[in-house]
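This report refers to the structure that appears directly beneath it.
A note on names: the letters A, B, ... follow the listed sequences, proteins ahead of strands, and every chain is numbered from 1.
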Amino acid sequence: MATSSIRVRFAPSPTGYLHVGGARTALYNYLFAKRHGGQFILRIEDTDEERSSEEFIRMQMEDLKWLGLDWDEGPEFPSLEDRGDYGPYRQSRRLDLYKKYADQLIDAGRAYFCFLTDEEIEVQRQAALKAGRPPQVNSPYRDWPKEKALERIAKGDKAVVRFKVKDEEKRDYVLNDLVRGEVRFPSDMVGDFVLLRSGGMPVYNFCCVVDDALMKISHVFRAEDHLSNTLRQMMLYDELGFKQPQFGHISLILGADRQKLSKRHGASSCHEYKVNGYLPEALNNFIALLGWSSPEGQEIMSMDDMIRLFSPERLHSAPAVFDPQKLTWVNSMHLRALAPKELWARVEPFLKEAGLKLPQDESWRMRALEVLKTGMSTLKDAVDAFRLLSDEPLEISEEANETLSWPSTKAVIQAWRDGIQSFAGDYLSEEDFLKLQDRIKDEQKVKGKHLFMPIRVAVIGKPHGTELKMLVPLLNKKILIDRADAVLKKLG
RNA sequence: GUCCCCUUCGUCUAGAGGCCUAGGACAACUCCCUUUCACGGAGUAGACACGAGUUCGAAUCUCGUAGGGGACGCCA
């Protein structure tokens with residue numbers, strides 16, 4: 001097996017369903033790994049004890065699996081047992097590691113215990129803001145000897161561990177970003193930041209560095225909102241003597257109002273798209289296009305296509321607005337490309353959930369799907385489409401009122417209803433239907449919409465829809481007659 | 001407020017100084033196909049944020065302005 005030193009990771013914090021933004025980050029990392037025969041690692045950033053839960057971890061995993069973004073290393077689903085040589089893969093299980101590196105920093109005089117309270121910090125913030133300075137903390141504990149701090153802690157006082165940003169040497173940290181090129185951060189952009197919380201839990205910028213280094217991560221594709229965090233992380237890489245991975249900061253996904261995409265923009269989690277009948281291959285395809293383009297401009301792509309075509313040079317640095325209409329189009333393209341049996345397998349759960357009773361036989365299903373699929377954009381659309389072919393009582397839509405008001409309509413429907421009987425078998429064939437339609441045309445002296453609209457209303461309760469010669473052979477005669485009777489009854 | 005990032009049709013994007021009277025896709029509109037609806041096909045309309053500069057030449061390079069976004073947490 002060809003080994004590659006490419007190792008990337010997706011590191012969600014388990015605080016809910018997987019967001020489309022997170023999914024896109026995961027996807028880009030996944031594509032990059034697969035493109036280069038590298039490893040895709042799942043690491044759980046569950047250091048926020050308030051908001052994280054194992055339930056959420058599993059939810060995120062299910063969404064990733066649904067999208068087909070399987071990881072080579074990380075906790076397994078559903079056991080959450082680690083798989084891989086660089087575990088544990090949940091940050092809450094790596095506390096001793098963070099402590100070790102924090103101690104190292106403290107002993108080197110690069111970090112210190114800080115006893116500032118929230119209130120004191122808030123006062124400092126306000127004062128700094130008022131004075132037009134960046135709201136950075138200024139800790140009086142910065143130069144306390146370790147022993148003195150330890151004594152105070154022994155007495156029961158709570159302390160965080162802060163990194164001591166060197167203020168004696170102002171300099172620019174230069175990041176060569178895979179997406180943005182050279183980015184320079186002035187070192188005084190940040191104040192002394194927290195490494196370890198008073199409870200011993202690490203804070204993002206710290207554990208992220210320790211983990212990426214220890215897990216030998218080579219490339220990090222993450223969202224742009226981490227760009228300014230990178231300065232802190234670069235300081236830590238330097239101080240800890242770790243080799244920095246290559247960073248690529250991808251742009252954010254925005255809602256129609258150009259604000260960061262969130263719940264208030266409507267569906268923003270993968271789970272919602274799954275439930276609403278979107279295909280994982282379509283969601284992947286669509287979100288990939290939000291910030292990346294294929295070299296030839298190809299838009300409809302399978303996962304394999306994207307793996308083959310992906311390269312970070314084609315990542316776009318400007319934020320992208322999420323357009324649900326285009327997603328729906330992409331979805332319908334993937335839907336139509338699916339083999340009939342596969343499509344049925346995807347559609348079936350939705351039909352079941354809707355409680356539709358439909359013929360069991362395979363050939364009927366395949367024919368029905370073939371007829372209905374051009375009208376479907378999502379799997380959920382199959383429910384309404386197939387409802388018309390089920391034995392559910394006919395709903396006569398308002399649109400049918402005009403058709404029903406024509407003087408000739410009643411006689412046409414009556415002739416239709418009576419004519420059905422004159423053919424042998426449980427179903428009318430396409431030829432049978434056309435023959436009957438012709439007969440009605442001659443006998444009732446109607447043509448055009450005055451002929452077929454009444455029949456369509458008698459068949460599906462609406463004057464518009466799929467071609468009758470395709471639809472009628474999919475409905476057994478009993479249903480056809482019952483429906484015609486229902487419409488006749490309404491006509492009185 | 002400070003710092004960082006971003007700026008091509010309504011939206012996603014192509015574009016690495018001349019190939020650009022700026023190309024494609026979604027959406028919109030028109031027409032064709034169709035005894036309806038969809039599908040499909042053919043078209044139409046629609047953008048380089050603004051201002052300077054560099055250059056023989058700028059959507060592309062530089063600077064400034066404006067606008068948008070992000071960060072400044074014991075969130076990630």
Side-chain angles (χ1 to χ4, degrees), chain A residues 11-15 22 45-48 50-52 91 114 116-118 121-122 125 128-137 158-162 175 177 179-180 183-186 188-191 193-205 207-208 222-232 249 251-252 254 256 258-260 286 289-300 313-314 316-330 332 336 372-377 385 399 403 437 441 447-453 456 462-468:
Chain A
S13 54
T15 55
E45 309 220 324
D46 54 350
T47 56
D48 185 342
E50 303 280 296
R51 300 195 300 150
S52 301
Q91 292 184 325
C114 172
L116 244 23
T117 63
D118 287 348
I121 291 170
E122 190 52 31
R125 274 179 55 88
L129 246 22
K130 219 170 168 180
R133 284 181 285 113
Q136 297 172 350
V137 292
K158 295 278 183 205
V160 302
V161 176
R162 280 184 194 279
L175 171 67
D177 194 272
V179 178
R180 276 151 224 282
V183 180
R184 308 183 84 89
F185 302 106
D188 60 355
M189 194 175 137
V190 293
F193 54 92
V194 173
L195 262 22
L196 253 30
R197 297 176 229 200
S198 51
M201 264 299 172
V203 156
Y204 171 75
N205 284 301
C207 46
C208 184
R222 50 156 59 145
E224 191 197 348
D225 43 4
H226 290 297
L227 188 57
S228 40
N229 282 324
T230 309
L231 171 60
R232 294 177 177 77
H249 288 92
S251 55
L252 259 18
L254 273 25
R258 305 206 73 95
Q259 303 287 308
K260 193 170 164 179
F286 174 71
L289 257 18
L290 255 29
W292 175 78
S293 60
S294 67
E296 307 290 321
Q298 194 182 342
E299 300 223 286
I300 300 300
E313 294 82 65
R314 298 195 64 82
H316 196 73
S317 54
V321 174
F322 187 92
D323 178 7
Q325 270 186 321
K326 186 152 182 178
L327 201 213
T328 300
W329 172 76
V330 172
S332 64
R336 272 168 232 167
L372 298 177
K373 78 172 179 186
T374 51
M376 291 163 41
S377 296
E399 301 166 70
T403 303
Q437 197 184 36
K441 180 165 100 182
K447 58 179 184 176
K449 62 178 183 178
H450 290 272
L451 171 64
F452 66 82
M453 278 191 176
R456 184 176 283 108
K462 298 183 292 188
H464 303 294
T466 312
E467 259 188 286
L468 283 171

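For A/K441 and A/L289, each mapped to the nucleotide of RNA chain B holding its nearest heavy atom, the one lying further toward the 5' end belongs to A/L289. If A/S317 and A/L196 are placed on RNA chain B by their nearest nucleotide, the residue sitting closer to the 5' end is A/S317.
Between the C1' atom of B/rC12 and the CH2 atom of A/W329 lies a distance of 11 Å, rounded to the nearest Å. Atoms CE (A/M189) and P (B/rG73) sit 11 Å apart, rounded to a whole Å. As rounded to whole Å, 8 Å separates atom P of B/rA71 from atom CG of A/L252. As rounded to whole Å, 11 Å separates atom C1' of B/rU34 from atom CZ of A/R456. The CE atom of A/M453 sits 12 Å away from the C1' atom of B/rU34 (whole-angstrom rounding). The separation between A/E224 atom CD and B/rG68 atom P is 16 Å, rounded to whole Å. Distance A/F322 CZ to B/rG69 P: 19 Å, rounded to the nearest Å. Rounding to whole angstrom units, CG of residue A/L175 and C1' of B/rA71 are separated by 14 Å.
Taking all atoms of both residues into account, the shortest heavy-atom contact from A/I121 to A/V137 is CG2-CG1, 3.8 Å. Nearest heavy atom pair, residue A/E299 against residue A/L289, reads O-CD2, 3.5 Å. Heavy-atom minimum distance, A/P319 versus A/L254: CB-CD2, 3.6 Å. Shown here for A/M189 and A/S228, the closest heavy-atom pair between the two residues is CE-CB, 3.7 Å.
The side chain of A/D225 sits closest to B/rA71 out of B/rC72, B/rA71, B/rU11. Among the nucleotides B/rC3, B/rG69, B/rC72, the one closest to any side-chain atom of A/Q259 is B/rG69. Nearest to the side chain of A/V321, among B/rC5, B/rG70, B/rU11, sits B/rU11. Of the listed nucleotides (B/rA76, B/rG40, B/rU11), B/rU11 has the atom at the smallest distance from the side chain of A/R258. For A/F452, the side-chain atoms get nearest to B/rU36 when compared with the rest of B/rU36, B/rC6, B/rA27. Considering only side-chain atoms of A/P135, the nucleotide from B/rA76, B/rC72, B/rC3 that sits closest is B/rC72. Distance from the side chain of A/R314 is smallest for B/rA14 among the nucleotides B/rC12, B/rU35, B/rA14.
A distance of about 9 Å separates the C1' atoms of B/rG17 and B/rU55, rounded to the whole Å. B/rU11 and B/rG68 have their C1' atoms separated by 16 Å, with the value rounded to a whole Å. Across the C1' atoms, B/rC50 and B/rU8 are found 14 Å apart, a figure rounded to whole Å. B/rC9 and B/rA22 are spaced 14 Å apart, taking the P atom of each and rounding to whole Å. B/rA14 and B/rU60 are spaced 16 Å apart, taking the P atom of each and rounding to whole Å. For the P atoms, the distance from B/rG23 to B/rA47 is 11 Å, rounded to whole Å. Distance check on atom P: B/rA16 versus B/rC20 gives 11 Å, rounded to whole Å. Comparing the same atom, C1', in B/rU54 and in B/rA71 gives a spacing of 34 Å after rounding to whole Å.
Taking 4.0 angstrom as the limit, A/T47 places a side-chain polar atom (N or O) nearer than this to OP1 or OP2 of B/rA76. Considering only side-chain N and O atoms, A/R162 lies under 4.0 angstrom from the phosphate OP1 or OP2 of B/rC74. Here A/H316 does not reach the OP1 or OP2 of B/rG15: none of its side-chain N or O atoms lies under 4.0 Å away. The side chain of A/S293 contributes an N or O atom lying less than 4.0 Å from OP1 or OP2 of B/rA14. For A/R125, no side-chain nitrogen or oxygen approaches OP1 or OP2 of B/rG1 to under 4.0 Å.
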Steps toward side-chain contact (heavy atoms from CB on, under 4.5 Å) verdict (A/D177, A/L227):
CA-CA 9 Å; A/D177 194 272; A/L227 188 57; 4.3 Å; yes

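Residue A/K260 is in sugar-phosphate contact alone, with no base atom involved, counting any heavy-atom pair closer than 4.0 Å across all strands shown. As judged by a 4.0 angstrom heavy-atom cut-off over every strand, A/G199 is placed among residues making no nucleic acid contact. Residue A/G375 is classed as a sugar-phosphate contact, given heavy-atom separations below 4.0 Å to backbone atoms only. Using a 4.0 Å heavy-atom cutoff across all strands shown, A/E122 reaches no nucleic acid atom at all. Counting any heavy atom pair closer than 4.0 Å across all strands shown, A/Q136 reaches no nucleic acid atom. Within the 4.0 angstrom heavy-atom criterion, only backbone atoms of the sugar-phosphate kind lie near A/V183; the bases stay farther away. Using a 4.0 Å heavy-atom distance criterion, A/E299 is classed as a base contact. Within the nucleic acid shown, A/T15 has no heavy atom closer than 4.0 Å to any nucleic acid atom. A/V194 comes within 4.0 angstrom of the backbone, heavy atoms only, and of no base.
Of the possible polar contacts, none joining the A/R314 side chain to the A/W292 backbone as a donor-acceptor pair under 3.5 Å is found.
Separation of atoms CZ (A/R180) and NE2 (A/H249) is listed at 8.0 Å; rounding is to 0.5 Å. Interatomic distance, A/T403 OG1 to A/R456 CZ, rounded to the nearest 0.5 Å: 9.5 Å. Taking CE of A/M201 as the reference point, atom CG of A/D46 lies at 6.5 Å (rounded to 0.5 Å). How far SG of A/C208 is from CZ of A/R232: 12.5 Å, rounded to the nearest 0.5 Å.
Between the base of B/rC74 and the side chain of A/S198 there is a donor-acceptor pair shorter than 3.5 Å. The base of B/rA25 lies close enough to the side chain of A/K326 for a donor and an acceptor atom to sit less than 3.5 Å apart. The base of B/rA76 is paired with the side chain of A/N229 by a donor and an acceptor separated by under 3.5 Å.
Pairing for B/rC31 is with B/rG41, a Watson-Crick or G-U wobble pair whose two hydrogen-bonding atom distances lie under 3.5 Å. Here B/rG1 sits opposite B/rC72 as a Watson-Crick or G-U wobble pair (both hydrogen-bonding atom distances under 3.5 Å). Summarising the base pairing, B/rU11 is matched to B/rA25 through a Watson-Crick or G-U wobble pair whose two defining distances lie under 3.5 Å. Nucleotide B/rU54 forms no Watson-Crick or G-U wobble pair with any nucleotide shown, as no partner meets the under 3.5 Å limit on both distances. Under the Watson-Crick and G-U wobble criteria, each requiring two contacts below 3.5 Å, nucleotide B/rC48 is left unpaired. With a cut-off of 3.5 Å on both Watson-Crick or G-U wobble distances, the partner of B/rC19 is given as none. Remark: B/rG67 base-pairs with B/rC6; criterion is Watson-Crick or G-U wobble with both hydrogen-bond distances under 3.5 Å.
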